[in-house]
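Remember, it's a predicted structure, so these values are computed and weren't measured experimentally. All values below were derived from every heavy atom in this structure, side-chain atoms included, with hydrogens, water molecules and symmetry-related copies excluded. Just so it is clear: chains get the letters A, B, ... in the order the sequence lines come, proteins before strands, and each one is counted from 1.
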Amino acid sequence: MPELPEVETVRRGLAPVMEGARFIAVEANRKDLRRPLPRDFARRLTGKTVMALGRRAKYLLADLSSNEVLLMHLGMSGSFRVSVEDRETTPGRFHHRRSGAKPHDHVIFHMSSGARVIFNDPRRFGLMLLVPRTELAEHPLIKQVGPEPLGHAFGGAMLAEACANKKMTLKAALSDQKVVAGLGNIYVCEALHRARLSPKRKASTLASKGGTPNAHSARLVEAIKSVLDEAIVAGGSSLRDHRRTDGELGDFQHRFRVYDREGGACPTPGCRGLIRRIVQSGRSTFFCPVCQK
DNA sequence: CCGCGGGCCTGAGAGC
DNA sequence: TGCTCTCAGGCCCGCG
């Protein structure tokens with residue numbers, strides 16, 4: 001499901017009920033996610049406080065009072081929802097409203113804020129790991145990740161350098177988390193369309209012969225930043241199962257210009273092209289062959 | 001180094 | 001209604 005805007009939307013939804021709160025209890029209903037849950041997962045979390053909830057690429061990072069970091073990834077179908085703990089009948093004990101349980105609720109955090117934070121993931125491509133904070137930067141899943149696209153440091157020069165000498169296509173380069181963090185199939189297609197660059201173009205063409213970043217690179221960076229910014233403001237995209245943690249749907253899917261619009265009219269002003277779908281690296285690419293060069 | 005195919009999983013939707 | 005087939009927002013591995 002989730003690319004950077006969806007993960008950031010989830011982070012913003014969870015932060016108010018997790019930051020500064022303790023894990024009162026943790027239910028691990030299914031431990032076989034993309035990797036097995038860590039040994040003693042519930043015990044290692046219980047009693048710990050979430051100092052801060054951050055995001056790096058598509059990873060959520062809960063900084064814990066135990067000097068560990070809870071690293072979470074949503075895979076393709078993961079989602080979080082928040083519900084208020086029902087403890088009215090017997091104070092001090094939990095009376096879960098089991099009617100609210102859904103299939104694939106694999107992990108449930110009972111927080112001292114009174115919130116239940118429920119991780120649901122039908123396909124189980126998601127991930128939860130505990131990593132010592134001092135080792136996080138060197139962790140294999142984090143170490144290789146490229147620059148945050150919304151950071152000030154990310155600009156035309158940085159993107160062009162990351163793409164220099166690459167023989168792969170722009171679509172493949174932008175999808176590569178080592179080149180730039182957080183983009184997935186949807187936002188790569190959308191950014192390339194906004195920048196009017198073909199997904200089939202060689203990534204190395206973002207720099208001129210001497211390696212100097214060119215106008216294409218600057219345009220692409222602007223396109224990436226604008227589409228991500230707008231998607232975050234809209235609360236992400238809800239194609240099938242992405243919801244905000246409050247259950248509300250994100251809105252950005254209505255503003256896709258090319259994604260899943262095969263045969264539709266290209267929205268670029270003055271362009272009379274029709275959106276095409278091709279397959280690159282086994283994934284659908286949507287683009288306008290007329291204005292994306 | 002690179003593109004491609006397959007695998008990991010389940011569910012939704014299309015077509016028959 | 002129910003079956004089969006294809007496809008899906010991520011990521012990893014191995015092959016040629």
Handout entry: Side chain proximity check, L74(A) to F125(A), heavy atoms < 4.5 angstrom
Key = no
Handout entry: Side-chain heavy-atom pair H193(A), T268(A) within 4.5 angstrom cut-off
Key =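 H193(A) reaches T268(A) side chain to side chain.
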Side chain of [X]: nearest nucleotide among [options]?
X       : options                  : answer
E6(A)   : dC12(C), dT10(B), dG9(C) : dG9(C)
P122(A) : dC4(B), dG11(B), dG10(C) : dG11(B)
H104(A) : dG3(B), dG11(B), dC9(B)  : dG11(B)

Would you tell me if any nitrogen or oxygen in the side chain of [X] comes within less than 4.0 Å of OP1 or OP2 on [N]?
X       : N       : result
R124(A) : dT10(B) : yes
Y187(A) : dG9(C)  : no
K58(A)  : dC11(C) : yes
R283(A) : dG9(C)  : yes

Take atom [atom1] of [X] and atom [atom2] of [N], then tell me their distance rounded to the nearest Å.
X       : N       : atom1 : atom2 : answer
R123(A) : dC9(B)  : CZ    : C1'   : 6 Å
K171(A) : dC2(B)  : NZ    : P     : 17 Å
Q177(A) : dC11(C) : CD    : P     : 5 Å
E262(A) : dA8(C)  : CD    : P     : 11 Å
L127(A) : dC8(B)  : CG    : C1'   : 13 Å
K200(A) : dC2(B)  : NZ    : P     : 20 Å
F256(A) : dG9(C)  : CZ    : C1'   : 8 Å
L249(A) : dG9(C)  : CG    : P     : 19 Å

Handout entry: Dot-bracket line, read 5' to 3' along DNA chain B, where crossing pairs take [ ] and | marks a partner on another strand, Watson-Crick or G-U under 3.5 Å
Key = .|||||||.|||||||
Exercise for the section: Give a yes or no on whether a salt bridge exists between E68(A) and R133(A), defined as a side-chain N under 4.0 angstrom from a carboxylate O. Expected result: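 R133(A) and E68(A): not salt-bridged.
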Problem - Rounded distance in Å between the C1' positions of dC8(B) and dC3(C) - result: 25 Å
Handout entry: Nearest-Å distance once atom P is located in both dG5(B) and dT6(C)
Key =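 Comparing P positions in dG5(B) and dT6(C) gives a spacing of 15 Å.
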Handout entry: 5'-most by nearest nucleotide on DNA chain C - R35(A) or S284(A)
Key = S284(A)
Handout entry: Closest-nucleotide 5' rank along DNA chain B - winner of R34(A) and K167(A)
Key =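 Residue closer to the 5' terminus by nearest nucleotide: K167(A).
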Practice task
Specify the residue among K166(A) and G282(A) whose closest nucleotide of DNA chain B lies further upstream toward the 5′ end.
Solution key: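 The residue mapped nearer the 5' terminus is K166(A).
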Exercise for the section: Scan side-chain atoms only and decide if T285(A) and Q280(A) contain a donor-acceptor pair under the 3.5 Å cut-off. Expected result: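 Per modelled atom types, T285(A) and Q280(A) side chains form a pair under 3.5 Å.
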Please check this pair: side chain of [X] against backbone of [Y], looking for a donor-acceptor N/O pair closer than 3.5 Å.
X       : Y       : value
E6(A)   : E3(A)   : yes
N120(A) : F80(A)  : no
T212(A) : S208(A) : no

Exercise for the section: Give L141(A) one of three labels, base, sugar-phosphate or nothing, depending on what nucleic acid heavy atoms sit under 4.0 Å from its own. Expected result: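 Result for L141(A) = sugar-phosphate.
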Practice task
Classify the angle between the aromatic ring planes of F23(A) and F109(A) as parallel (below 30°), tilted (30 to 60°) or perpendicular (above 60°).
Solution key: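 Rings of F23(A) and F109(A): perpendicular, over 60°.
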Exercise for the section: Using the six-membered ring for Trp and the full ring for Phe, Tyr or His, decide whether F125(A) stacks on the six-membered base ring of dC8(B) (centres under 5.5 Å, planes under 30°). Expected result: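 By the stated criterion, F125(A) and dC8(B) stack.
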